[in-house]
Amino acid sequence: MRSKNFLSLFIFIFINIFNINYSYSIEADVFVQSTVNRASQALNNKFSKEEKIEKLKNIANETVDINGIGLYTLGSYRKIISDEQKKEYNTLFEKYFLKSFSSRLAEYSNPEIEVISKKKINDNYTIVSSKLVATEQRPEVKIDWRIYTKNPENLLIRDLIIEGLSLARTQKEEFASIIQSNNGDINALFATLKKFINNN
Amino acid sequence: MKKILIAFCVSILISLNVSADTDGENKLSKKSSGEVKDCFEKVNRATFAFNQGLDKAIFKPVAKAYRVLPSPIRNGTSNVLDNISVLVTIPNNILQGEFKKAGINAGRFVLNTTLGIVGIMDVAQHMGFPEYEKEDYGQTLGAAGIGEGCYLVIPVLGPSTVRDSVGTIANMMGGDPWYNITVANDTQYFSDVDYWGSRAGSGIDFRAKNLDSLDNLEKNSIDFYASVRSLYLQDRQKKIMNSDSITETLNDSDWEEVETQ
């Protein structure tokens, strides 16, 4: 009887530990591979381009820290613009990002990405390394993913680093260039973003 | 006279390099000298537009046609061009104190030129040589701690910096053995056409490999000029640091300020 109780207690503890460790958190490399697999399915040629774009937008909404990337790409300007401007920027950036991201990826069909390794930088970030397998038309491409791991239950992508080139940093410098070319006027960036969003 | 002109140009470029640093938006690594200033942005943008026109009229159509060729022909061409570039990589390995790499690259060049039939086949790679990393005089100057100077867009050649332009000039002042035996000196085996043909071939090979990605970037950029500038400067930074490790080339400080969770 005593051993039966002990066994029940052991099973109870085991199940709880299992739940705590594995039910809610996910490893960064597994997260990337699962996201890539979802994107591959969305890029299957049985879907029209519009369907692909819609599916990719849904995936991005769930797996990418769009708000975080938006703040990063604003650079030093995020500290000087008003709350109202920041609100407008967040709305515009989300629309811009989803359109740009999905139309960039929709050009590819069934890209084959293999996750190779991961490296924890600190409690907030893990870099996951992967490769886009070579095809007849292009060589192999190294892709690293900056994963925001602050909340282990909700991992988010913050940057893609393709062959050592950061897309977020490129975006940040592109935005800075537009603002600087217009004498530091953030509204010029808003106008450019609106133009991009409204163009087909 | 030609040498005096080249020396004059180098002096001007070096003086610009010394006086023009900091201030720009393109912050480089923690190991870099500072920031890259786009001192001649208006002229650069005009040259960039000219280069884009040239690309659409010549390079892109040629690259598209080149890409139709069977992959063994494209790979062979790419290998030959890489093999020629080893001639510049070796002296730069030595200048950077990378004597082991210089030895490996010398071995690579001998094997690929002989057994690999002028470099068509990358025999060295099949024999287990480490992956080939190109080096040039711009990278050597960067590794020596010399700043990038202003960002430049050169007609036909594309993005560069003052420092990298000085590096390119060094090729023509005796630093590139391939240039020396084709253009600088009259030899009975090679002529100017061989050098300029190889340079054009490298450009087309690069364009063909990046046909889709550059089209995609242009289509989705709101300032294509700024995107290309950023990517060029990031790429040079990575090459100068000789690092495959992403964590070494990324500056995390700005990311750390962004809290969304």
Side-chain angles (χ1 to χ4, degrees), chain A residues 65-72 74-76 78-79 96 99-101 103-105 107-108 119 121-122 124-125 127 129 136-139 141-142 144 146 148 150-151 154 156 158-159 161-181 189 192-193 195-196, chain B residues 23-28 35-36 38 41-42 45 64 67-68 70-71 74-75 78 205 208-213 215-217 219-239 241 243-252 254-261:
Chain A
D65 184 10
I66 301 173
N67 190 21
I69 296 171
L71 289 172
Y72 171 81
L74 256 189
S76 55
R78 72 171 169 268
K79 292 169 192 162
Y96 161 77
K99 184 175 178 182
S100 165
F101 167 85
S103 64
R104 271 179 202 202
L105 277 186
E107 304 284 333
Y108 296 92
K119 183 175 181 179
I121 301 179
N122 54 39
N124 286 350
Y125 294 107
I127 301 290
S129 299
E136 270 286 297
Q137 300 302 327
R138 51 151 185 77
V141 181
K142 286 180 195 160
D144 294 281
R146 176 185 278 270
Y148 189 40
K150 191 174 182 189
N151 178 357
N154 183 28
L156 292 167
R158 275 198 158 178
D159 193 8
I161 302 131
I162 299 172
E163 291 288 342
L165 312 177
S166 156
L167 291 188
R169 183 167 147 186
T170 307
Q171 188 81 84
K172 179 183 172 186
E173 286 166 4
E174 194 180 17
F175 283 12
S177 173
I178 291 167
I179 299 169
Q180 280 179 349
S181 305
L189 176 64
T192 311
L193 291 175
K195 197 175 160 193
F196 182 90
Chain B
D23 260 358
E25 262 301 307
N26 292 289
K27 286 186 182 178
L28 292 187
E35 301 160 339
V36 180
D38 197 348
E41 188 170 345
K42 278 188 180 169
R45 280 188 184 270
K64 272 186 176 172
R67 213 164 68 155
V68 176
S71 61
R74 280 184 283 126
N75 289 339
S78 191
D205 187 53
K209 282 177 182 165
N210 295 283
L211 210 52
D212 298 328
S213 50
D215 280 357
N216 206 322
L217 182 72
K219 191 178 153 194
N220 290 293
S221 288
I222 49 177
D223 185 348
F224 186 43
Y225 168 84
S227 291
V228 171
R229 180 179 62 195
S230 171
L231 291 170
Y232 173 78
L233 294 172
Q234 286 185 60
D235 187 49
R236 293 301 290 176
Q237 178 195 3
K238 191 188 86 162
K239 284 176 177 163
M241 290 176 77
S243 176
D244 271 342
S245 171
I246 293 304
T247 46
E248 282 180 33
T249 55
L250 290 176
N251 185 347
D252 282 339
D254 218 14
W255 274 119
E256 295 298 346
E257 288 179 19
V258 177
E259 290 285 348
T260 53
Q261 287 187 338

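Treat the numbers as computed from the prediction; the structure is a model and nothing was measured. Computation of the quantities below employed the complete heavy-atom set of this structure, encompassing side-chain atoms and omitting hydrogens, waters and symmetry-equivalent molecules. Each chain gets a letter, A, B and so on, in the order the sequences are listed, and its residues count up from 1.
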Side chain, backbone, both or neither of A:F101 within contact of chain B (heavy atoms, under 4.5 Å):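 For A:F101, neither part sits under 4.5 Å from chain B.
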
Chain B contact via A:L167 - which portion, at a heavy-atom distance below 4.5 Å: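 Contact with chain B is absent: no heavy atom of A:L167 under 4.5 Å.
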
Is the side chain of A:E174 donor-acceptor paired with the backbone N or O of B:I222 at a distance under 3.5 Å, no angle test?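 Confirmed, A:E174 side chain pairs with B:I222 backbone.
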
Distance in Å, B:D223 CG paired with A:L189 CG, rounded so as to fall on 0.5 Å steps: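 Between atom CG of B:D223 and atom CG of A:L189 there are 10.5 Å.
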
Interatomic distance, B:S227 atom OG to A:E173 atom CD [nearest 0.5 angstrom]: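 The distance works out to 9.5 Å.
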
Indicate the atoms forming the closest heavy-atom contact of B:R45 with A:S181, along with that distance.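 Distance-wise, the nearest heavy atoms are NH2-OG, 4.1 Å.
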
Can you check side-chain hydrogen bond (donor to acceptor under 3.5 Å, both in side chains) on A:T170 and B:Q234, steps first, answer last? CA-CA 9 Å; A:T170 307; B:Q234 286 185 60; 3.0 Å; yes

Are B:E41 and A:S177 side-chain neighbours, meaning at least one heavy-atom pair lies under 4.5 Å?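 Yes, side chains in contact.
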
Any side-chain heavy-atom pair of B:S213 and A:E163 under 4.5 Å: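 Contact flag for B:S213/A:E163 side chains = no.
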
Per-residue contact mode, B:F224 against chain A (heavy atom under 4.5 angstrom):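 The backbone, not the side chain.
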
